Student: 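Input: one structure, supplied below.
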Amino acid sequence: MQIVEAVTSHSFARHTHDQFGIGVIHQGAQKSLSGRGIVEAGAGHVITVNPGEVHDGMPIGDAGRSWRMLYLDPDIVETILNDLREGSSGEIEFIEPAFDDAIVAARFQQLFQSLVSGNGGPLLHEERLINLIARTHKKAAATKSMPAAIHLAKQRIDDEPAASFTLADLAKISGLSRFQILRGFAAATGFTPHTYIMQRRTDMARRLIMRGTPLAETAAVCGFADQSHMNRIFARKYGISPGSYAASLS
């Protein structure tokens, strides 16, 4: 689980996360592209994002906005939802990227505060997380399937994001032509293969930085051309440099 509190007027370019995100706008307002089109959220509104969902974000007005977010690994959310659905499995997604629900917002704030303060311990945190997801899961539905050929190419990138791929490589993996993989990948994911690879490398970099891996080593391991290349892509996605992100974890 990743805990984030941000105050910014930064406009975020289109990007994805590899986790579920749920949070609350604290002050100000923003509009963003989501899997459901353009949405707006103001103070007190709940915001969500799904793993791999293409979205961006920009402030409404000149004052910027602030929000609190929790990013949860997919297996955590899926395990809780499978319990709530009494064992029925299947991939899920949050279907409302922004909505007004005072109960969800209150449950989120309770969980966020206890996680930040460390009060209550793991049992309380788990109870509050399950109560939050129990209310939020009503905003969830089954995901749409991706064409099998595109899924093969995407899975190969997910397995080896630092590897060097060509369109010919991905075409061979998927059994499609280079044009078909380019067009089909963009239609299914919202990104060209190259842009998607950069997203996955940035996700990989974030995880390594969280573990304390030096930045130069992180850039090399993740397949970036050099550290400055990683810095540019990372800041574009997260609105913060890798160095500042590392400092915030200490």
Side-chain angles (χ1 to χ4, degrees), residues 1-23 25-26 28 30-35 47 49-59 62-74 116 153-167 169-170 182 185-186 189-250:
M1 182 186 301
Q2 184 182 8
I3 305 167
V4 174
E5 185 165 11
V7 180
T8 182
S9 59
H10 181 76
S11 291
F12 294 87
R14 294 197 313 159
H15 64 282
T16 62
H17 298 279
D18 57 355
Q19 299 164 299
F20 285 97
I22 182 168
I25 299 290
H26 187 55
Q30 73 168 14
K31 63 179 178 179
S32 59
L33 169 70
S34 74
I47 51 178
V49 66
N50 299 295
E53 182 178 6
V54 180
H55 63 289
D56 58 14
M58 59 201 72
D62 300 326
R65 75 285 198 205
S66 64
W67 66 83
R68 295 169 176 171
M69 291 288 295
L70 296 176
Y71 290 99
L72 308 167
D73 289 342
V116 170
K154 177 179 175 295
Q155 188 62 55
R156 183 61 180 275
I157 293 172
D158 290 340
D159 290 342
E160 299 182 87
S164 178
F165 293 102
T166 66
L167 276 179
D169 294 332
L170 297 176
L182 180 60
F185 202 96
T189 69
F191 293 117
T192 66
H194 175 267
T195 304
Y196 183 77
I197 287 170
M198 292 299 106
Q199 292 290 314
R200 300 302 293 145
R201 288 180 181 179
T202 310
D203 292 334
M204 183 180 178
R206 179 188 60 80
R207 291 192 296 269
L208 290 174
I209 293 170
M210 287 183 67
R211 297 171 192 162
T213 307
L215 298 184
E217 180 182 344
T218 296
V221 169
C222 293
F224 290 102
D226 51 33
Q227 188 174 332
S228 56
H229 182 213
M230 178 183 73
N231 291 349
R232 291 194 302 273
I233 302 299
F234 194 99
R236 190 181 304 159
K237 177 170 181 174
Y238 293 114
I240 186 174
S241 71
S244 296
Y245 180 71
S248 72
L249 299 173
S250 60

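Remember, predicted model here, so these are calculated numbers, not experimental data.
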Student: Return the orientation label for the H15 and H17 ring planes: parallel under 30°, perpendicular over 60°, tilted otherwise.
Tutor: perpendicular
Student: Minimum heavy-atom separation for G64 and P59, please, with both atom names.
Tutor: CA-CB, 3.9 Å
Student: Measuring only between side-chain heavy atoms, which start at C-beta, is L208 closer than 4.5 Å to V221?
Tutor: yes
Student: Rounded to the nearest 0.5 Å, what's the gap from CG on N50 to OG on S34? Could you check?
Tutor: 9.5 Å
Student: Could you give the distance from CD (Q30) to NE2 (H10), rounded to the nearest 0.5 Å?
Tutor: 11.5 Å
Student: Heavy-atom distance under 4.5 Å between the side chains of V49 and F20, does that happen here?
Tutor: no
Student: Any chance you could lay out the side chain to side chain contact (heavy atoms under 4.5 Å, CB included) test for R65 and T8, step after step, and finish with the verdict?
Tutor: CA-CA 6 Å; R65 75 285 198 205; T8 182; 3.8 Å; yes
Student: Report the C-alpha separation of I157 and L170 in whole Å, then their side-chain angles, then the decisive distance to 0.1 Å, and conclude whether the side chain to side chain contact (heavy atoms under 4.5 Å, CB included) test is met.
Tutor: CA-CA 9 Å; I157 293 172; L170 297 176; 4.1 Å; yes
Student: F224 versus T202: any side-chain heavy-atom pair under 4.5 Å?
Tutor: yes
Student: Begin from the C-alpha positions of I47 and M69 and carry the test side chain to side chain contact (heavy atoms under 4.5 Å, CB included) through to its verdict.
Tutor: CA-CA 8 Å; I47 51 178; M69 291 288 295; 3.6 Å; yes
Student: Could you note down all residue pairs passing salt bridge (Lys or Arg N to Asp or Glu O under 4.0 Å) where residues 210-232 supplies at least one of them, sequence neighbours left out?
Tutor: none
Student: Taking all non-hydrogen atoms of both residues into account, name the closest pair between G28 and I25 and its distance.
Tutor: O-CG2, 3.5 Å
Student: List for me each residue that meets side chain to side chain contact (heavy atoms under 4.5 Å, CB included) alongside M58, sequence neighbours excluded, and say none if there are none.
Tutor: S11, K31, D56
Student: I'd like to check the side chain to side chain donor-acceptor pair (under 3.5 Å) partners of S9; sequence neighbours left out, ordered by chain and number.
Tutor: none
Student: Show the numbers, then the answer: is there a side-chain hydrogen bond (donor to acceptor under 3.5 Å, both in side chains) between T166 and D169?
Tutor: CA-CA 5 Å; T166 66; D169 294 332; 3.1 Å; yes
Student: Salt bridge check: are R200 and D203 linked by an N-O gap of less than 4.0 Å?
Tutor: yes
Student: Got L72 and Q19 here, is their nearest side-chain heavy-atom distance under 4.5 Å?
Tutor: no
Student: Does T218 use its side chain to pair, donor to acceptor, with the backbone of P214 at less than 3.5 Å?
Tutor: yes
Student: Report the distance from atom CD1 of I209 to atom SG of C222, rounding to the nearest 0.5 Å.
Tutor: 8.0 Å
Student: Please examine the side chains of Y245 and Y238, heavy atoms only from C-beta on, and report whether any two atoms are closer than 4.5 Å.
Tutor: no
Student: Answer whether the closest heavy-atom distance between the side chains of F12 and H55 falls below 4.5 Å.
Tutor: no
Student: Applying ring pair (Phe, Tyr, Trp, His ring centres under 6.0 Å) as the test, list every pair that has at least one member in residues 189-220; sequence neighbours left out.
Tutor: F185-Y196
Student: With sequence neighbours excluded, tell me which residues meet side chain to side chain donor-acceptor pair (under 3.5 Å) with D18.
Tutor: R206, R207
Student: Show every salt bridge (Lys or Arg N to Asp or Glu O under 4.0 Å) that has at least one partner inside residues 2-16, sequence neighbours left out.
Tutor: E5-R68
Student: Heavy-atom distance under 4.5 Å between the side chains of K237 and T16, does that happen here?
Tutor: yes
Student: Taking R156's backbone N and O only, do any of them form a donor-acceptor pair with D159's side chain (distance below 3.5 Å, no angle check)?
Tutor: no
Student: Please round to the nearest 0.5 Å and tell me the distance separating atom CE of M204 and atom CD1 of I197.
Tutor: 13.0 Å
Student: Which atom pair, heavy atoms only, marks the closest approach of T189 to V54?
Tutor: O-CG2, 3.0 Å
Student: Any donor and acceptor pair, going by atom type alone, linking the side chain of R201 with main-chain N or O of G223 inside 3.5 Å?
Tutor: yes
Student: Would you mind reporting whether P242 and M230 have side-chain heavy atoms less than 4.5 Å apart?
Tutor: yes
